[in-house]
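First comes the structure, then the notes that go with it.
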Amino acid sequence: MAHPAPAPAEQPARKRVIAHLDCDAFYATVELLRRPELRGRPVIVAGGGPRAVVTTASYEARRYGVGSAMPAAHARRLCPQAVVIPPDFEAYRASSRAVWDIVGERLDRLQHLGLDEAYADLTGVAIPLRVLREVVAAVREQTGIQVSVGVGPSRLVAKCCSDLGKPAGFVAMGREEACGRFAGFSPSRLPGIGPKTAERLLELGIVTVGELQRADPDALNVRLGGRTGAYLVGRAHFHDDSPVETARAAKSRSSETTFDADVADPAELEAVVRRLAREVCDGLRRRGRRGRTIAIKVRLDDWTTVTRARTIDSFTDDAQVVGALAVALLRAFAPPRPVRLLGVRVAGFEDAEGEPSPPSAAARNQLALPLALGRGDAG
C-alpha cells in the first residue's frame with residue numbers, strides 16, 4: 001500500500017538584504033571632475049535668481065552650514081568665499097547614466113530615485129557586502145564618483161544608514177541595532193516624518209526617535225488625528241516591509257516654475273500655464289504617453305499651495321487641450337494673492353494598470369474641486 005509523500009517542510013523566509021546607494025555631493029562632484037582646480041575649495045551649485053536655492057554643495061562648503069534646498073543668498077552669506085556654479089543638468093544626467101550603467105551590470109534589482117541614488121535588493125545574493133564594495137570601487141574607478149552605501153533588512157534602515165559616515169560611508173545594521181543607533185536623533189531623521197510632523201511631535205514633548213519608540217500610538221492618534229500614531233511609532237521601531245520596486249512606471253508628468261518675483265497679473269499667469277502645458281506635452285509625445293487628468297499647482301506668496309484637477313473623457317498629449325483646461329482651472333481658482341509658483345501636470349495615462357473608465361459628467365464636476373489645500377505644502 002502506497003503511503004502519501006510527506007508534506008515538504010516549510011522553508012523559512014529569506015532574510016531581506018536591502019541597500020541604499022547614494023552618490024556623495026553628486027552635482028558638486030561632477031563639477032569638480034570638470035574643474036579639478038577647485039578641489040579643496042568650498043563649492044556651491046545654485047542658480048542665479050533671487051529665489052534660487054542650493055542644488056548641492058561640496059563638503060568644504062557644508063562645514064559652514066550650507067545645505068541643499070537652502071536659499072542661495074543665505075548660503076553665500078554663510079560662506080562668502082565659496083565658488084558658486086550654475087547647475088548643468090545635461091552633464092549631471094550623463095554622469096548619472098554612467099554611474100547606474102556600471103551598477104546595473106552588477107546588480108539586477110534596482111529602484112532609481114532621481115539621478116544620484118537608488119535602492120538595491122540583494123536578497124539571496126552570496127556575500128552581498130563584498131558585492132556592494134566591488135560596485136562602489138568600480139564606480140569610483142570608472143567615473144570618479146564616490147557612492148555611500150547603507151545596508152539593512154529594509155529600505156528604511158538602509159536609507160538611514162547611507163547617511164552615516166558620509167562621504168564614502170559604508171554602514172550595515174539590523175533593525176534592532178538601528179533602533180538603538182538612531183534613538184538619540186530627531187524623528188525628522190526618519191524618512192516619512194517631515195519637518196511639520198516633527199514640530200508637532202516636539203510640541204508633545206517627543207524630541208528623539210527613542211522617545212517616539214516609547215510613545216502611546218493611541219495617544220498620538222488623539223493629538224495628531226487618524227491612525228498617525230501607529231505609523232509614527234512603527235517608523236521609530238524601523239518596521240518597514242516596502243519592496244524595492246524595480247519597474248515602476250511614471251504615473252504623471254509635470255512642469256513647474258518658481259517666479260523670481262511674485263506675479264499677480266492674470267494674463268501673465270495664463271501665458272506661463274500655456275508654456276508649461278507645452279513643455280509637459282512635448283515630454284509626453286517623446287515618451288509616447290497620453291493622459292486624461294489635467295491638474296495645476298499654485299503656490300501663493302504666503303506659501304499656501306493649492307492644486308486643481310479635472311479628468312476628461314479621452315486621452316491626450318495635445319498642448320492646446322491641456323493648456324486650455326489648465327487655464328480654465330486657474331481662472332476658476334482666481335488666485336486671491338500674488339503667485340510664487342505655477343505648475344501643470346498630466347496623469348491618468350492610457351497604459352496605466354487598472355485604468356478606470358471615463359467618469360460621468362457628475363464625477364467630472366466633482367473632480368473640478370480642489371484636491372489639496374494647505375499652507376506650506378511642498379506639493
Side-chain angles (χ1 to χ4, degrees), residues 17-36 38-47 53-63 66-70 72 75 82-122 128-152 154-173 189 191 244-246 248:
V17 180
I18 308 298
H20 180 251
L21 295 85
D22 192 5
C23 300
D24 294 338
F26 179 60
Y27 299 161
T29 300
V30 174
E31 296 296 348
L32 291 173
L33 289 170
R34 299 198 296 175
R35 299 172 173 85
L38 297 180
R39 288 192 178 278
R41 298 179 61 182
V43 173
I44 297 171
V45 178
V53 297
V54 174
T55 303
T56 192
S58 68
Y59 287 95
E60 290 80 5
R62 295 183 189 194
R63 296 190 188 108
V66 177
S68 299
M70 173 184 292
V83 178
V84 181
I85 299 174
D88 181 351
F89 288 101
E90 285 301 320
Y92 307 151
R93 281 190 284 268
S95 293
S96 176
R97 285 192 296 270
V99 168
W100 299 116
D101 283 349
I102 295 167
V103 175
E105 291 172 358
R106 293 159 175 82
L107 304 176
D108 59 0
R109 286 173 286 175
L110 288 173
Q111 177 182 346
H112 295 282
L113 305 169
L115 297 178
D116 60 345
E117 61 178 321
Y119 287 109
D121 189 340
L122 289 91
L129 297 187
R130 179 188 298 177
V131 172
L132 286 166
R133 290 189 186 279
E134 292 172 352
V135 168
V136 171
V139 170
R140 175 75 178 179
E141 179 181 350
Q142 297 180 45
T143 70
I145 304 294
Q146 179 64 56
V147 177
S148 286
V149 178
V151 187
S154 67
R155 298 198 317 169
L156 177 57
V157 173
K159 172 71 172 174
C160 289
C161 287
S162 67
D163 282 338
L164 293 178
K166 269 181 168 284
F170 195 105
V171 179
M173 67 179 70
R189 180 67 171 70
V244 172
E245 300 175 353
T246 57
R248 181 175 62 183

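The first residue in the sequence is number 1, and the count goes up from there.
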So do the side chains of [X] and [Y] get within less than 4.5 Å of each other, counting heavy atoms only?
X    : Y    : result
Y92  : V45  : yes
V99  : C23  : yes
L129 : V17  : no
R35  : I85  : yes
V171 : D163 : no
Y119 : K159 : yes
V151 : C161 : no
V66  : I44  : yes

To the nearest 0.5 Å, tell me how far [X] [atom1] sits from [Y] [atom2].
X    : Y    : atom1 : atom2 : result
L110 : L21  : CG    : CG    : 7.5 Å
I102 : R140 : CD1   : CZ    : 12.5 Å
S95  : F26  : OG    : CZ    : 5.0 Å
R106 : L132 : CZ    : CG    : 12.0 Å

Which atom pair, heavy atoms only, marks the closest approach of [X] to [Y]?
X    : Y    : result
R39  : L32  : N-CD2, 4.0 Å
V157 : M173 : CG1-O, 3.5 Å
S162 : H20  : OG-ND1, 2.8 Å
C160 : R189 : O-NH2, 3.0 Å
A28  : A57  : CB-C, 4.0 Å
P87  : G47  : CD-N, 3.8 Å

Problem - With sequence neighbours excluded, residues passing side chain to side chain donor-acceptor pair (under 3.5 Å) with T29 - result: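 With neighbours one apart ignored, the set is empty.
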Problem - Pairing residues for E141 by the salt bridge (charged side-chain N to carboxylate O under 4.0 Å, His left out) criterion, not counting sequence neighbours - result: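 For E141, no residue satisfies salt bridge (charged side-chain N to carboxylate O under 4.0 Å, His left out) once neighbours in sequence are set aside.
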Problem - Contacts of type salt bridge (charged side-chain N to carboxylate O under 4.0 Å, His left out), residue E60, not counting sequence neighbours - result: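 Expected list: none.
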Practice task
Using the side chain to side chain contact (heavy atoms under 4.5 Å, CB included) rule, take E105 and V135 through it: C-alpha gap first, then chi angles, then the decisive distance, then the call.
Solution key: CA-CA 9 Å; E105 291 172 358; V135 168; over 6 Å; no
Practice task
Decide side chain to side chain contact (heavy atoms under 4.5 Å, CB included) for T143 and L33; before the verdict, give the C-alpha distance in whole Å, the side-chain angles of both, and the deciding distance to 0.1 Å.
Solution key: CA-CA 9 Å; T143 70; L33 289 170; 5.9 Å; no
Exercise for the section: Output, in order, the C-alpha distance, side-chain angles, deciding distance and verdict of side chain to side chain contact (heavy atoms under 4.5 Å, CB included) for R34 and D88. Expected result: CA-CA 11 Å; R34 299 198 296 175; D88 181 351; 3.0 Å; yes
Exercise for the section: Using distance alone, with no hydrogens and no angle criterion, decide if R62 and S68 have a side-chain donor and acceptor under 3.5 Å apart. Expected result: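 No pair is found: no donor N or O on one side chain lies under 3.5 Å from an acceptor on the other.
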Handout entry: D24 and S148 side chains, donor-acceptor separation under 3.5 Å
Key =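 Yes.
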Handout entry: E117 (side chain) donor-acceptor with D22 (main chain) under 3.5 angstrom
Key =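 Judged by distance alone, no pair lies under 3.5 Å.
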Problem - Expected output: side-chain R155 to main-chain V244 donor-acceptor under 3.5 Å - result: no
Practice task
Describe, in one word, how the ring planes of H112 and W100 are oriented to each other, choosing from parallel (under 30°), tilted (30 to 60°) and perpendicular (over 60°).
Solution key: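 The arrangement is perpendicular - the two ring planes meet at more than 60°.
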